[in-house]
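Encoded as structure tokens, the structure appears first; notes follow it.
Residue numbering restarts at 1 for every chain, and letters A, B, ... go by the order of the sequence lines.
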2 protein chains.
Amino acid sequence: MQTVEKALYLLDFFDDKHPELGLSELARLAGMDKATTHRMLTALARAGMVEQQPATRLYRLGATILRLARIREATFPVTALLQPILEALAAETGETAHASLQAGPSLANVGVVESARSSRVFVEPGLKLPLHATASGNAFLAFSDPAFVAHVLAQPLAAITPDTITDPAALRERLAIARRDGFAHVDQGFEVEVYGIAAPLFGPGGDPVGAIAVATPTHRMTGELSGKIARAVMAAAVTASRAMGGEPPQDYQMRLERNAA
Amino acid sequence: MQTVEKALYLLDFFDDKHPELGLSELARLAGMDKATTHRMLTALARAGMVEQQPATRLYRLGATILRLARIREATFPVTALLQPILEALAAETGETAHASLQAGPSLANVGVVESARSSRVFVEPGLKLPLHATASGNAFLAFSDPAFVAHVLAQPLAAITPDTITDPAALRERLAIARRDGFAHVDQGFEVEVYGIAAPLFGPGGDPVGAIAVATPTHRMTGELSGKIARAVMAAAVTASRAMGGEPPQDYQMRLERNAA
DNA sequence: CCTTTTCGGTTCATTATTATCACCAGCGGT
DNA sequence: ACCGCTGGTGATAATAATGAACCGAAAAGG
């Protein structure tokens, strides 16, 4: 079903900064033929996944997405559950907190609470977080099935910033440390001047389903602050996992206590 | 791109009452082969549009939908704009108010505020409203492009309840009346014991983009109440259209005043 | 003012993809 | 041990998607 995946791939180019895209532009971005792109867009439009502005002929995300999101949220209200936890985490740490859930081969941001400080990290709503370059992704990978990790590491790791770790062996070391500590930290691996600290969210089977993270301007980060945030993030992750009906593995709670000491 | 449409069609079977579906069940509902369904589901899962519960192997709507909805809402915040208008409308009429937007060949519910009464109409979040059977759909059609209306009426009109109007000619008459009055009313055309009154939402070009409606238990409906609700719904529709950056056609405002008299 | 480029969109022969059937393994009930 | 269900898979037949060229319209450039 490569056709379906290609069509859905088009949706990935709509973001906060590019809410509306033209046919040629979208074809160029996706590296597909214009005719193919047009056919896929009409198919998406028939399903309401995108809609075309009659005046400008530009495409944007459609109302079906809102409809499906309402159903998902009505039946599995994760974002509503995460919001107060993120608010508490942002208040406690004084920094921007955000949560993300696994969506195929990456994490999808599903909640942000910005810090009250004037100098703070902004996180675009609906941002896609690569597993290898972000603290959230690393926290997720650190507790993921080894086969899945191997699959992720087998693919080329894009250098998003100069500091992104692109060497699989080096990343494995970081993941081992994250697994030992119960949290991951990544300095400017995804955005320059942003330091992320994240812990995994666990599902009912003890498998990671997402991550919860705090993003701090790199210049403000110190060893002391790092420890404080790590403890807060891990506690929030445990709270959030349980709120969503999940359960952290038995040994995860121990890690938290060890870290607190 | 029939493959894409078929794959997206699978998403339509997830609703409030069926948040998780199995492979065989989904194949049966969609009338597709199990192997085909499975491949489509894996394609959808790779894009994060659905996700599979590891324990039960059931599928449900995925986190990508939440991600895309956040982007759409961050860039075109319709549901946030509609919510207070629906609240005011529900308060004013004492009945359940809801709004929907066009999503392909039907309307997608994107907001509900329930009445405070103990006897009230429930509207499932994310409900798909057929154009021919609902007040919202009729209001939308009444102000739609004639070619689009012809296209909708050319297809078979499903009898959802015994009272659903399935005759194209009869529906055209209803639409003409709705166009004259500025609002549509449908008694038990979609759900038994539910009486709907709706007015269209207009986009920047004066074209309808959705509808706003009030749903009342049929037994409570009287001529007097009907008139009161119709006026409130039309006023709310004009307010909402403008809030979304749209503009009702010049003559629509006149209809509202005529109706008030 | 004329030319060139770009836009959205369409066409049709070529080519690659997808649908289908039969089948497998596992589970719960009888 | 069996039946009927489940999720899932593989090879062949049938169908669908692809892409270069093309169109008219609208900007951009001289």
From the options C:dT18, D:dG8, D:dG19, select the nucleotide whose nearest atom is closest to the side chain of A:Asp33. D:dG19
Distance check needed: D:dA17 P versus A:Leu44 CG, whole Å only. 13 Å
I want to verify a distance call: between C:dG9, C:dC7, C:dA19, whose nearest atom is closest to the A:Arg28 side chain? C:dC7
Under 4.0 angstrom between B:Gln52 side-chain N/O and D:dG8 OP1 or OP2: yes
If you only use heavy atoms from C-beta on, which nucleotide in C:dG9, D:dA20, D:dG8 is closest to the side chain of A:Tyr59? C:dG9
5'-most contact on DNA chain C: A:Thr56 or B:Arg39, nearest heavy atom basis? A:Thr56
OP1 or OP2 of D:dA16 under 4.0 Å from side-chain N/O of A:Gln2: no
Starting at CD of A:Glu20 and ending at C1' of C:dC7, how long is that distance when rounded to a whole Å? 16 Å
Identify which nucleotide among D:dT18, C:dG9, C:dA19 has an atom closest to any side-chain atom of A:Arg57, counting heavy atoms from C-beta outward. C:dG9
Separation of atom CG in B:Leu26 from atom P in D:dT6, rounded to whole Å: 12 Å
Check: B:Thr79/B:Glu73 side-chain N/O donor and acceptor closer than 3.5 Å: yes
May I have the distance from A:Leu23 (atom CG) to C:dT10 (atom C1'), rounded to whole angstrom? 11 Å
Mind calculating the distance between CE (A:Met1) and P (D:dT15) to the nearest angstrom? 15 Å
Straight-line distance of B:Ile71 CD1 to A:Ile65 CD1, nearest 0.5 Å: 8.5 Å
Are B:Lys34 and D:dT9 close enough that a side-chain N or O sits under 4.0 Å from OP1 or OP2? no
Quick one: is A:Thr3 getting a side-chain N or O under 4.0 Å of the C:dT18 phosphate, OP1 or OP2? yes
Checking C:dG8, D:dA20, C:dT20 against the side chain of B:Ala35 (C-beta onward), the nearest is C:dT20
Closest-nucleotide mapping onto DNA chain C: is A:Glu25 or A:Val4 further toward the 5' terminus? I mean the 5' end. A:Glu25
Measuring to OP1 and OP2 of D:dA17, would you say a side-chain N or O of A:Thr36 lies under 4.0 angstrom away? no
Taking A:Thr164 for its side chain and A:Ala159 for its backbone only, find out whether a donor-acceptor pair lies under 3.5 Å. no
Would you say B:Ser24 places a side-chain N or O within less than 4.0 Å of OP1 or OP2 belonging to D:dG7? yes
Quick one: is B:His38 getting a side-chain N or O under 4.0 Å of the D:dG7 phosphate, OP1 or OP2? no
Pair A:Tyr59 and A:Phe14, ring centroids less than 6.0 Å apart: no
Atom CE of A:Met32 and atom NZ of A:Lys6: how far apart are they, to the nearest 0.5 Å? 7.5 Å
Rounded off to whole Å, could you give me the CE-to-C1' distance for the B:Met32 and D:dA16 pair? 15 Å
